[in-house]
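Just so you know, these numbers use all the heavy atoms, side chains as well, and skip hydrogens, waters and symmetry mates. Keep in mind that this is a model prediction, so the values were computed, not measured.
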Amino acid sequence: QVQLVESGGGLVQPGGSLRLSCGASGTIFSINVMAWHRQAPGKQREVVATITSGGSTNYADSVKGRFTISRDNAKNTVYLQMNSLKPEDTAVYYCNADIISGVDLSRTYYWGQGTQVTVSS
């Protein structure tokens, strides 16, 4: 009953900025940790940033100081503000969330379908 949908990806020049968003829909009771992951061609999927329900954040070393993760609980949405983008940031970005939902209050980790981010001059 729950799905995550990412948006905001696109083509940007090195040094540019982009803001990704991911909204969760469905009969949601609560959302715990939300996160952004990415996967570049030929590479493993890696965690980019996480944010707890209390607002505590964590970042991969490669994006620390450039990316900022945030969330809007009223909208069940997580954001990723990406600044000073580099070509190596090129990847499909996926959001992930730990959600309790439905009348049975089941807990499930959900994944979005991904949004492409391409950093190129």
Side-chain angles (χ1 to χ4, degrees):
Q1 285 194 275
V2 174
Q3 63 176 335
L4 304 179
V5 180
E6 302 101 331
S7 63
L11 175 64
V12 64
Q13 294 184 342
S17 298
L18 209 59
R19 190 193 193 203
L20 307 182
S21 64
C22 173
S25 62
T27 55
I28 298 171
F29 178 77
S30 66
I31 303 178
N32 299 314
V33 176
M34 304 185 82
W36 286 97
H37 300 247
R38 68 185 181 187
Q39 186 168 26
K43 299 183 66 177
Q44 297 292 316
R45 186 175 298 188
E46 62 177 349
V47 61
V48 175
T50 64
I51 183 168
T52 69
S53 59
S56 179
T57 60
N58 196 17
Y59 299 91
D61 289 339
S62 60
V63 307
K64 191 171 298 183
R66 299 187 298 119
F67 291 10
T68 301
I69 188 171
S70 61
R71 61 193 287 172
D72 185 337
N73 292 328
K75 296 181 178 180
N76 290 329
T77 300
V78 61
Y79 304 93
L80 185 67
Q81 178 65 48
M82 305 183 294
N83 299 324
S84 302
L85 284 163
K86 305 175 181 179
E88 48 263 46
D89 294 319
T90 296
V92 177
Y93 285 70
Y94 301 88
C95 67
N96 170 248
D98 179 8
I99 299 176
I100 298 175
S101 64
V103 295
D104 60 346
L105 300 178
S106 60
R107 180 182 179 182
T108 304
Y109 290 88
Y110 291 92
W111 289 88
Q113 83 289 346
T115 184
Q116 177 71 48
V117 172
T118 302
V119 184
S120 176
S121 59

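- Cluster annotation: Leu18 and Val92 are assigned to distinct hydrophobic clusters (Ile/Leu/Val/Met/Phe/Trp/Tyr, side-chain heavy-atom contacts under 4.5 Å, transitive).
- Cluster annotation: Trp111 is not connected to Ile99 through the hydrophobic network of ILVMFWY side chains, with a link wherever side-chain heavy atoms come within less than 4.5 Å.
- The hydrophobic cluster containing Ile28 does not contain Tyr79, counting ILVMFWY residues as joined when their side-chain heavy atoms lie under 4.5 angstrom apart, directly or transitively.
- Judged as a salt bridge (Lys or Arg N to Asp or Glu O under 4.0 Å), the pairs with a partner in residues 98-121 (not counting sequence neighbours) are, in order, Asp98-Arg107.
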Checklist entry - Given Val117 and Asp89, is the side-chain contact (heavy atoms from CB on, under 4.5 Å) satisfied, shown in steps? => result CA-CA 8 Å; Val117 172; Asp89 294 319; 5.5 Å; no
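- The minimum heavy-atom distance linking Ala91 with Ala40 is given by the pair CB-N, 3.8 Å.
- The side-chain heavy atoms of Asn73 and Ile31, taken from C-beta on, include no pair separated by under 4.5 Å.
- Side chain of Gln3 to backbone of Ser25: no donor-acceptor contact under 3.5 angstrom is found.
- A donor-acceptor contact closer than 3.5 angstrom links the side chains of Asn83 and Ser17.
- Proximity of a side-chain donor or acceptor of Glu46 to a complementary backbone N or O of Arg38 within less than 3.5 Å is not detected.
- For the atom pair Arg71 CZ and Cys22 SG, the distance stands at 11.0 Å (nearest 0.5 Å).
- Here the CE-CG distance, from Met34 to Leu80, works out to 12.0 Å after rounding to the nearest 0.5 Å.
- Within a 6.0 Å radius of CD in Glu88, other residues, nucleotides and ligands contribute more than 12 heavy atoms.
- With hydrophobic clusters built from ILVMFWY side chains whose heavy atoms lie under 4.5 angstrom apart, Val48 shares a cluster with Tyr110.
- If you take CG on Leu4 and OG1 on Thr77, they are separated by 9.5 Å, rounding to the nearest 0.5 Å.
- Thr90 places a side-chain N or O within 3.5 Å of a backbone atom of Val119 that can act as its donor or acceptor partner.
- Here the OG atom belonging to Ser106 is positioned 12.0 Å from the CZ atom belonging to Phe29, to the nearest 0.5 angstrom.
- Here the CD-OG distance, from Gln81 to Ser21, works out to 11.0 Å after rounding to the nearest 0.5 Å.
- Across every non-hydrogen atom of Val78 and Cys95, the tightest pair is CG1-CB, 4.4 Å.
- Tyr94 and Val33 end up in different hydrophobic clusters when Ile, Leu, Val, Met, Phe, Trp and Tyr side chains are linked at under 4.5 Å.
- The CD1 atom of Ile69 sits 9.5 Å away from atom CG of Asn58, with the distance rounded to the nearest 0.5 Å.
- Judged purely by atom type and a 3.5 angstrom limit, Glu6 has no side-chain atom pairing as donor or acceptor with the backbone of Leu20.
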